[in-house]
Chemist: 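Sending over a structure as structure tokens; questions will come in a sec.
Bear in mind the structure is a predicted one, so any value in this text is a computation, not a measurement. Scope of the values below: all heavy atoms of this structure, side chains included, with no hydrogens, waters or symmetry mates.
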Amino acid sequence: MMSLNVALSTASRSLRTIETQMAVASANLSNADVEGYTRKSATKVTNVTAGIGTGATITEIVSKADPWLLKSIVATTSTNESASVSADYLDRLGDALGSLSSDSDSSGDTLASSISSLSSVLTELATTPDSSTLKSEVVGDLDDAASALRTTSSEVQSLRQGADSDIADAVETANNALTAIDELNDSIVRAQASGQSTADLEDQRINKVADLAAVMGVSYFTQANGAMVIYTSGGAPLLNSTVHTLSFSEAGTVTSSASLSGVKLDGTDITSSIKTGSISALVTLRDKTLPAIQTELDEIATSLADSLNGVHNDSTASPPPSSLTGSVTGLDSASELTATGTLSVAVTDADGLTVHAATFDLSGYSDVGSLVGAINGAGLGLTADIDATTGAVTLTADDTTTGIALSGGTVTSLNGTALSTEKSLSAALGLNDLLIGTGAETIAVRADILSSPSLLATSALDTATTALTTGGVAVSDGTGAQVQSLADALTSAGVTTKAANMVSGVSSRLSSASDEAASQETTLSTLTSSFSSKYGVNVDEESATISALENSYSASAQVISTAKSMFDALLQAVS
């Protein structure tokens with residue numbers, strides 16, 4: 001009787017063990033295609049009573065994944081995301097710079113094509129400086145060039161805006177992952193304390209850690225109670241007994257002068273300590289890579305404007321405009337003026353003949369106000385003023401049928417600031433600028449010239465005494481020397497070469513970034529393939545395991561059936 005009891009007990013334990021093993025194998029099969037799922041196995045222990053084997057029991061259900069391999073995958077996930085984001089944005093930057101390059105597939109509105117056309121038309125205009133058609137072409141080509149710079153600048157700032165927005169999304173992803181890990185920590189601690197399997201929960205948790213690592217580099221370890229503790233790569237706690245939430249203020253609109261937020265943890269900016277992950281790449285792009293491109297664009301725009309404006313201010317339209325407004329603002333009567341040489345000012349009729357004229361020795365004026373006053377007192381038939389709102393100097397003819405032309409003077413310092421190069425008075429005040437704006441974002445052809453190309457300065461004020469005498473020929477289209485000077489200034493600015501060098505530099509960086517992204521992707525793929533091969537589910541093997549377990553189950557069931565029959569026979573024998 002005792003031996004039959006032992007047999008029944010042993011067979012029953014065996015059935016329960018096999019049922020658990022089959023449940024684990026079935027779960028493995030069901031989750032074979034679930035990302036991050038690792039094969040689970042039931043740990044079986046043979047029971048021995050009084051030296052006699054009494055069946056087997058399951059002590060735990062575990063995943064045997066190598067924790068160090070998991071750490072390598074998590075770390076590589078972070079570096080892979082950095083490289084991928086950098087390559088993606090540089091590729092988009094390359095597309096944005098297409099409007100600068102002569103290699104662009106876009107229609108003929110690129111900076112390179114506009115400058116090339118402008119140079120050709122200026123050469124033509126120099127031979128026929130009175131051609132209205134060619135003046136319109138010059139202004140149109142210059143407007144296309146300025147538009148290409150503005151468009152490219154806008155696209156660069158849009159990329160910065162996108163990076164800023166992506167940082168906000170990444171911070172949200174990080175916070176969601178930390179919250180999910182914290183909740184899984186609680187579940188794992190409870191399950192471990194009650195002796196239940198935590199293997200599936202640990203799979204879910206490491207997947208969330210990978211989500212977190214994709215946006216920022218982290219380090220982590222697991223405590224004895226099963227809870228995971230996570231730190232930034234810089235050592236700041238992200239999750240210990242509580243979740244430390246990240247914060248970030250997304251900008252509404254991004255411009256080159258915008259002040260942008262960093263990523264904060266517990267009120268402390270940790271941006272500089274985030275070395276890998278998408279946040280690291282996005283911050284570098286937003287705060288370094290793209291601003292550097294914007295600086296180059298601004299330098300190109302400034303070079304173009306300064307070179308052309310210098311010549312244009314030393315020239316005049318024929319006939320001259322009836323008013324001139326300075327582009328230099330922030331001046332008042334007391335603004336310091338350091339200048340030498342002779343300034344000639346003439347008011348002419350529509351034929352360029354002198355109506356009024358005067359000369360001023362600039363060494364005799366130490367501030368803008370005194371010069372403005374002297375011009376007003378010279379009886380020139382014009383009003384000189386300093387705009388109370390903008391602080392710009394203005395000259396306006398009293399008779400709108402007359403025009404104003406300037407020439408001469410050498411300014412070395414204005415409003416307390418030394419000029420980088422000596423300029424004529426008109427250039428120092430920006431009274432007859434061709435291009436306006438403070439950089440690539442705002443560069444544009446002066447509005448009145450854009451609407452009336454005849455205001456393009458293709459002549460110069462003749463400062464000879466006879467020319468400045470009433471009735472003298474002060475302004476005429478002349479020989480086209482001023483137009484040729486514009487063409488020469490355009491060439492010396494080297495705009496297309498600078499733009500080409502910038503595009504080439506970005507192309508080179510993109511090539512390196514793409515190579516790095518491919519390398520990181522290969523490394524991550526190798527690690528994940530190795531992990532899947534060692535710890536993933538092999539459907540064929542799992543199916544074979546289930547078949548073997550079914551056979552074992554049948555054998556154990558047969559033992560129970562046989563023992564039961566023997567019990568029945570024994571009971572009948574003794575009754």
Side-chain angles (χ1 to χ4, degrees), residues 309-328 331 333-386 392-415 419 421-433 455 457-479 481-482 485:
N309 284 345
V311 175
H312 204 262
N313 272 283
D314 290 341
S315 309
T316 183
S318 180
S322 59
S323 66
L324 297 170
T325 300
S327 61
V328 176
L331 303 175
S333 295
S335 294
E336 174 269 336
L337 175 66
T338 303
T340 58
T342 300
L343 170 68
S344 297
V345 181
V347 175
T348 77
D349 63 16
D351 295 323
L353 302 179
T354 300
V355 177
H356 302 287
T359 58
F360 304 86
D361 181 359
L362 293 185
S363 62
Y365 306 96
S366 60
D367 55 63
V368 175
S370 60
L371 177 60
V372 167
I375 293 173
N376 275 327
L380 293 171
L382 63 79
T383 300
D385 192 17
I386 302 174
V393 172
T394 62
L395 300 176
T396 306
D398 297 337
D399 182 351
T400 57
T401 65
T402 60
I404 304 169
L406 307 178
S407 179
T410 301
V411 180
T412 56
S413 177
L414 179 65
N415 203 20
L419 304 183
T421 57
E422 295 180 349
K423 295 182 178 180
S424 67
L425 181 82
S426 181
L429 297 176
L431 286 168
N432 196 22
D433 282 350
L455 293 176
T458 57
S459 302
L461 176 64
D462 188 343
T463 59
T465 302
T466 54
L468 295 181
T469 301
T470 301
V473 181
V475 174
S476 65
D477 286 328
T479 63
Q482 299 307 116
S485 293

Chemist: Without swapping roles, check the side chain of Ser424 against the backbone of Ala427 for a donor-acceptor pair under 3.5 Å.
Modeler: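 A pair under 3.5 Å: yes.
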Chemist: How long is the span from the CG atom in Leu455 to the CG atom in Leu324, to the nearest 0.5 Å?
Modeler: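 Reported to 0.5 Å precision, the distance equals 9.5 Å.
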Chemist: What is the minimum heavy-atom distance between Val475 and Ala405, and which atoms define it?
Modeler: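 The pair with the smallest heavy-atom distance is CG2-CB, 4.1 Å.
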Chemist: Would Ser426 and Asn432 satisfy side-chain hydrogen bond (donor to acceptor under 3.5 Å, both in side chains), going step by step from the backbone distance to the final call?
Modeler: CA-CA 7 Å; Ser426 181; Asn432 196 22; 5.7 Å; no
Chemist: Ignoring hydrogens, what is the shortest heavy-atom contact between Ser315 and Ala457? Give both atom names and the distance.
Modeler: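 What the structure gives for the nearest pair is CB-CB, 3.6 Å.
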Chemist: Would you say the side chain of Thr348 lies within less than 4.5 Å of the side chain of Thr316, judging by non-hydrogen atoms?
Modeler: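 The answer is no, as the side chains (C-beta and beyond) never meet within the 4.5 Å cut-off.
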Chemist: Nearest 0.5 angstrom please: Asn309 CG to Asp433 CG, how far?
Modeler: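 So the CG of Asn309 and the CG of Asp433 are separated by 4.0 Å.
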Chemist: About how many Å separate CG of Leu343 and OG1 of Thr463, when rounded to the nearest 0.5 Å?
Modeler: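 Result: 11.0 Å between the selected atoms.
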Chemist: Once rounded to the nearest 0.5 Å, what's the spacing between atom CG of Leu419 and atom OG of Ser413?
Modeler: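 Taking CG in Leu419 and OG in Ser413, the distance rounds to 6.5 Å.
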Chemist: Which pair of heavy atoms, one from Leu331 and one from Leu429, lies closest together, and at what distance?
Modeler: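 Smallest interatomic distance, heavy atoms only, reads CD1-CD2, 3.8 Å.
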Chemist: Give me the one residue out of Leu414, Asn313, Leu371 that meets side-chain contact (heavy atoms from CB on, under 4.5 Å) with Leu425.
Modeler: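 Passing option: Leu371.
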Chemist: Side-chain polar contacts of residues 356-363 - donor-acceptor pairs under 3.5 angstrom, sequence neighbours left out - could you list them?
Modeler:
{"unit_1": "Asp361", "atom_1": "OD1", "unit_2": "Ser363", "atom_2": "N", "d": "3.2"}
{"unit_1": "Asp361", "atom_1": "OD1", "unit_2": "Ser363", "atom_2": "OG", "d": "2.8"}
{"unit_1": "Asp361", "atom_1": "OD2", "unit_2": "Ser363", "atom_2": "OG", "d": "3.2"}

Chemist: Less than 4.5 Å apart, side chain to side chain, heavy atoms only: is that true for Leu468 and Leu461?
Modeler: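 The answer is yes, as the side chains (C-beta and beyond) meet within the 4.5 Å cut-off.
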Chemist: Look only at the side chain of Asp351 and the backbone of Leu353, and say whether a donor-acceptor pair between them is shorter than 3.5 Å.
Modeler: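 Side chain of Asp351 to backbone of Leu353, a donor-acceptor pair under 3.5 Å: no, none is there.
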Chemist: Could you go through residues 377-386 and list every donor-acceptor pair under 3.5 Å that involves a side-chain atom there, pairing it with any protein atom two or more places apart or in another chain?
Modeler:
{"unit_1": "Thr383", "atom_1": "OG1", "unit_2": "Asp398", "atom_2": "OD1", "d": "3.2"}

Chemist: Among Thr410, Thr412, Val411, which one satisfies side-chain contact (heavy atoms from CB on, under 4.5 Å) with Thr340?
Modeler: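 Of the listed options, the one satisfying the test is Thr410.
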Chemist: Specify the closest pair of heavy atoms between Ala397 and Ile404, including all atoms of both residues, with the distance to one decimal.
Modeler: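 Closest approach of Ala397 to Ile404, heavy atoms only: N-CD1, 3.5 Å.
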Chemist: Is there a donor-acceptor pair under 3.5 Å between the side chain of Ser459 and the backbone N or O of Ser476?
Modeler: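 Yes, because the side chain of Ser459 sits within donor-acceptor range (under 3.5 Å) of the backbone of Ser476.
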